[in-house]
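Step one of this worksheet: look at the structure below.
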2 protein chains.
Amino acid sequence: MTTRELLFLGLLRHQKMHGYQLNEFIQQDLAVCTDIKKPTAYYLLNKMEARGWITQSSEQIGNRPLRRVYQITPTGEIAFQSMLRESMQEYTPTYFEDDIPLAFLDELTTDEASTYLETRKEQLLSELEIMQNTPVHPGTVQWMLEHRLRHLQAEAAWLDEVLSRLTLMEEE
Amino acid sequence: MTTRELLFLGLLRHQKMHGYQLNEFIQQDLAVCTDIKKPTAYYLLNKMEARGWITQSSEQIGNRPLRRVYQITPTGEIAFQSMLRESMQEYTPTYFEDDIPLAFLDELTTDEASTYLETRKEQLLSELEIMQNTPVHPGTVQWMLEHRLRHLQAEAAWLDEVLSRLTLMEEE
DNA sequence: AGAAAAATAGTCAATCCTGACTATTCCGGA
DNA sequence: TCCGGAATAGTCAGGATTGACTATTTTTCT
């Protein structure tokens with residue numbers, strides 16, 4: 001996923017940041033679109049430094065432990081520009097992990113299957129509700145929210161279809 | 001992704017298969033829902049053998065190279081049953097990699113952005129067309145196709161929305 | 001003041017995944 | 001019958017990812 005690197009570069013363009021700050025921001029403000037774990041973040045930052053896209057420097061505030069501050073380089077800026085343009089044009093098909101169990105739906109009675117899929121649907125609907133009650137976000141993040149919303153609605157409609165066909169089979 | 005293991009178990013329940021056969025089937029018939037690379041397949045099969053879920057035996061047909069035939073064990077069957085039920089109830093939220101570049105849409109002129117997103121849309125639409133012309137598949141795979149179809153339609157609608165708002169901004 | 005909880009700032013070992021590679025065999029056409 | 005390409009059957013080294021862990025400092029509450 002090159003887009004993860006794009007993300008770090010994009011964030012560092014506005015201001016130099018330290019690791020904790022980057023991780024916080026990603027977990028808090030970008031939870032809609034990605035979930036980069038802390039060790040992954042450091043791994044990627046190190047890789048990007050090795051490549052010359054960013055630099056690290058040490059900083060100490062008061063008695064807090066030393067921390068590394070990351071800063072984008074001109075090379076990094078060039079990389080950002082080109083990756084941004086490339087990835088903006090791309091459509092990458094997504095696989096849905098939860099599709100796989102459906103391949104074996106026959107192994108369950110329609111009754112049992114319905115019960116499980118209802119549980120699944122409840123989780124989906126509660127996700128959907130959270131989304132619908134999320135206040136409007138600033139800037140372009142709003143577009144991701146709407147993306148997610150549409151996606152969840154499509155999921156719900158599809159699950160309903162599956163469930164209603166299962167019910168039909170049950171009645172036969 | 002535990003569902004990958006579920007998939008292998010589910011396939012081996014019907015008949016013992018060798019590695020090549022498993023890989024072929026996944027690439028040809030299950031391309032809608034997953035893309036497991038060959039080395040990953042062997043890796044997972046070995047892991048599952050170590051765990052006692054499947055057994056390997058060697059087989060030779062004519063002069064062809066020796067090959068390993070995988071077969072599910074009773075322990076594997078139990079694992080399959082429990083994983084199937086668990087995963088059937090689960091809804092796992094999906095992240096869309098292509099959302100990330102949108103966070104930096106401001107960095108481009110609306111004109112440039114539109115051009116790129118139009119390219120993206122074309123790719124999406126050609127995917128959609130392929131889906132719509134795919135003949136009805138047998139069994140439960142059909143449900144995955146419909147899932148994908150709905151998802152692609154939602155994507156297209158969302159992209160249209162983004163594009164039309166961009167155009168509005170351009171006119172101001 | 002003292003203790004528990006939260007915030008800060010990472011690291012490490014292990015797991016997962018895949019591009020690139022190796023080899024052999026079969027098959028159709030010149 | 002000889003050659004090239006497709007099919008067969010995997011392996012290996014290396015990159016990506018993360019759960020669990022370590023340590024210190026600040027804050028809060030009593």
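Each chain gets a letter, A, B and so on, in the order the sequences are listed, and its residues count up from 1.
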Requested in this report: Determine yes or no for a side-chain-to-main-chain donor-acceptor pair under 3.5 angstrom, with A/D99 supplying the side chain and B/C33 the backbone.
Outcome: no
Query raised in the report: Can you tell me if A/R120 uses its side chain to pair, donor with acceptor, with the backbone of B/M88 under 3.5 Å?
Result: yes
Is [X] close enough to [N] that one of its side-chain N or O atoms is under 4.0 Å from OP1 or OP2 there?
{"X": "B/Y43", "N": "C/dC16", "answer": "yes"}
{"X": "A/R68", "N": "C/dT11", "answer": "yes"}
{"X": "A/T40", "N": "D/dA16", "answer": "no"}

**Report entry** Given DNA chain D, 5'-ward residue of the pair B/N46 and B/Y20, judged by closest heavy atom
**Finding:** B/Y20
Requested in this report: Would you mind telling me which residue lines up with the more 5' stretch of DNA chain C, B/K37 or B/K47, judged by nearest nucleotide?
Outcome: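 Of the two residues, B/K47 wins.
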Side chain of [X]: nearest nucleotide among [options]?
{"X": "A/R4", "options": "D/dT18, D/dG10, C/dG10", "value": "D/dT18"}
{"X": "B/P39", "options": "D/dC12, C/dA9, D/dG10", "value": "D/dC12"}
{"X": "B/Y42", "options": "C/dC17, D/dT17, D/dG10", "value": "D/dG10"}
{"X": "B/R67", "options": "C/dT11, C/dC17, D/dT8", "value": "D/dT8"}

Query raised in the report: Centres of the A/F104 and B/F80 rings: under 6.0 Å?
Result: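 When the ring centroids of A/F104 and B/F80 are compared, they turn out to be within the sub-6.0 Å range.
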Report task. Classify the ring geometry between A/W158 and B/H147 as parallel (under 30°), tilted (30 to 60°) or perpendicular (over 60°). Result -> parallel
Report task. Would you mind classifying the nucleic acid contact of A/K38 as base, sugar-phosphate or nothing, using non-hydrogen atoms under 4.0 angstrom? Result -> base
